[in-house]
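Please read the structure below before turning to the comments.
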Number of protein chains: 2
Amino acid sequence: MILSPDSSGQLPESTTDSNTMASHREPALNLEFDGTTVLCRVCGDKASGFHYGVHSCEGCKGFFRRSIQQKIQYRPCTKNQQCSILRINRNRCQYCRLKKCIAVGMSRDGKCYKHYGI
Amino acid sequence: MILSPDSSGQLPESTTDSNTMASHREPALNLEFDGTTVLCRVCGDKASGFHYGVHSCEGCKGFFRRSIQQKIQYRPCTKNQQCSILRINRNRCQYCRLKKCIAVGMSRDGKCYKHYGI
DNA sequence: GAAGCAGGTCACGAGGTCAG
DNA sequence: CTGACCTCGTGACCTGCTTC
Ligand SMILES: [Zn+2]
Ligand SMILES: [Zn+2]
Ligand SMILES: [Zn+2]
Ligand SMILES: [Zn+2]
């Protein structure tokens, strides 16, 4: 018998349901929970609002702000630059997290004060 | 059989995988000293914080970190794999120490989500 | 006034360090 | 290898400003 501290990514509770809901619209991370809650388009956590042009959580909002304030150069991804970014593992690879932030459209002047939400 | 910190896939905390074990959990180690001090759930030493999803001491925190980083393969327990893990003897059997760490729910992404609404 | 976001704050924990 | 100590990124809250 072997004790191996291997760590693989696990998906605790989120993302399980998606199939039924996903049928209607876009892929999972863009969807609403219900009529009121919106998900972070970067990591899928509960979004706290529309930040930098994208529905995002407090974590990704703060991360993106820090990234652009100080012009941080994150260490390149040690894998294949395709790390999945989820709430549980979003802090593992800063490079891919910022890449995802940009990919989903975060930008400094992404103002939209219309009643986007729900 | 292979034991890994978080390969199990779901919350290790509740999934001690046996219905019977849950009935008589480790009594003392989960408790607090008083209103302020908390004990390490692995060895019962004074916890220094909430590490890897579990209240734990600096020792068990560092031990678990090392176990995760390098994929250490500890020598199997020479006894019956049920060594008690206490502050005074926690370094005697690495195998059982890591086993205990996993049993109490330590995981790489074990963050404190106490502030998350639902 | 109400609502909603940019930016600041700072306790907290992940990961590093290095004598022992 | 262990663990007391250290550094610094994270994110839940807070504040002030902008837009209805
Ligand atoms: Zn996010
Ligand atoms: Zn990556
Ligand atoms: Zn301990
Ligand atoms: Zn043992």
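These values consider heavy atoms only, across backbone and side chains, with no hydrogens, waters or symmetry-generated copies. Reminder, nothing fancy here: chain letters follow the sequence lines and each chain counts from 1.
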- Message: Working note: A/R87 + B/D109, criterion salt bridge (Lys or Arg N to Asp or Glu O under 4.0 Å); need CA distance, chi angles, decisive distance, verdict.
- Response: CA-CA 9 Å; A/R87 190 191 71 179; B/D109 300 308; over 6 Å; no

So, does [X] get its side chain near the phosphate of [N], meaning an N or O under 4.0 Å from OP1 or OP2?
{"X": "B/Q69", "N": "C/dG16", "value": "yes"}
{"X": "B/Y52", "N": "C/dG15", "value": "yes"}
{"X": "B/Q94", "N": "D/dT2", "value": "yes"}
{"X": "B/R90", "N": "D/dG3", "value": "yes"}
{"X": "B/R66", "N": "C/dG15", "value": "no"}
{"X": "A/N91", "N": "D/dG11", "value": "yes"}

- Note on the structure: Heavy atoms of A/R108 and A/Q69 approach each other most closely as NH2-CG, 4.1 Å

Send over the distance from [X] [atom1] to [N] [atom2], rounded to a whole Å.
{"X": "B/F64", "N": "C/dG13", "atom1": "CZ", "atom2": "P", "answer": "16 Å"}
{"X": "B/R97", "N": "D/dC1", "atom1": "CZ", "atom2": "C1'", "answer": "10 Å"}
{"X": "A/I68", "N": "C/dA6", "atom1": "CD1", "atom2": "P", "answer": "9 Å"}
{"X": "B/F50", "N": "C/dG15", "atom1": "CZ", "atom2": "P", "answer": "15 Å"}
{"X": "A/Q70", "N": "C/dG7", "atom1": "CD", "atom2": "C1'", "answer": "13 Å"}
{"X": "B/K61", "N": "C/dG16", "atom1": "NZ", "atom2": "P", "answer": "11 Å"}
{"X": "A/R108", "N": "D/dT18", "atom1": "CZ", "atom2": "C1'", "answer": "17 Å"}
{"X": "A/R92", "N": "D/dT10", "atom1": "CZ", "atom2": "P", "answer": "15 Å"}

- From the options D/dC1, C/dT17, D/dC13, select the nucleotide whose nearest atom is closest to the side chain of B/R65. C/dT17

- Task: Among the candidates D/dC1, C/dG13, C/dG15, find the nucleotide nearest to the side-chain atoms of B/H51.
- Result: C/dG13

- Task: Have a look at A/G62 and say if it touches a base, only the backbone sugar-phosphate, or nothing, with a 4.0 Å heavy-atom cut-off.
- Result: nothing

- Query: For B/R87, which contact category applies under a 4.0 Å heavy-atom criterion: base, sugar-phosphate, or nothing?
  - Reply: nothing

- Query: Within the side chain of B/S67, is there an N or O that forms a donor-acceptor pair under 3.5 Å with the backbone of B/R65?
  - Reply: no

- Message: Classify the ring geometry of A/Y74 against A/F63: parallel below 30°, tilted from 30° to 60°, perpendicular beyond 60°.
- Response: parallel

- Query: Of B/C77, B/C101, B/P76, which meets side-chain contact (heavy atoms from CB on, under 4.5 Å) against B/C96?
  - Reply: B/C77

- Query: Within the modelled atom types, does a donor on one side and an acceptor on the other bring the side chain of A/E58 and the base of D/dC13 under 3.5 Å apart?
  - Reply: yes

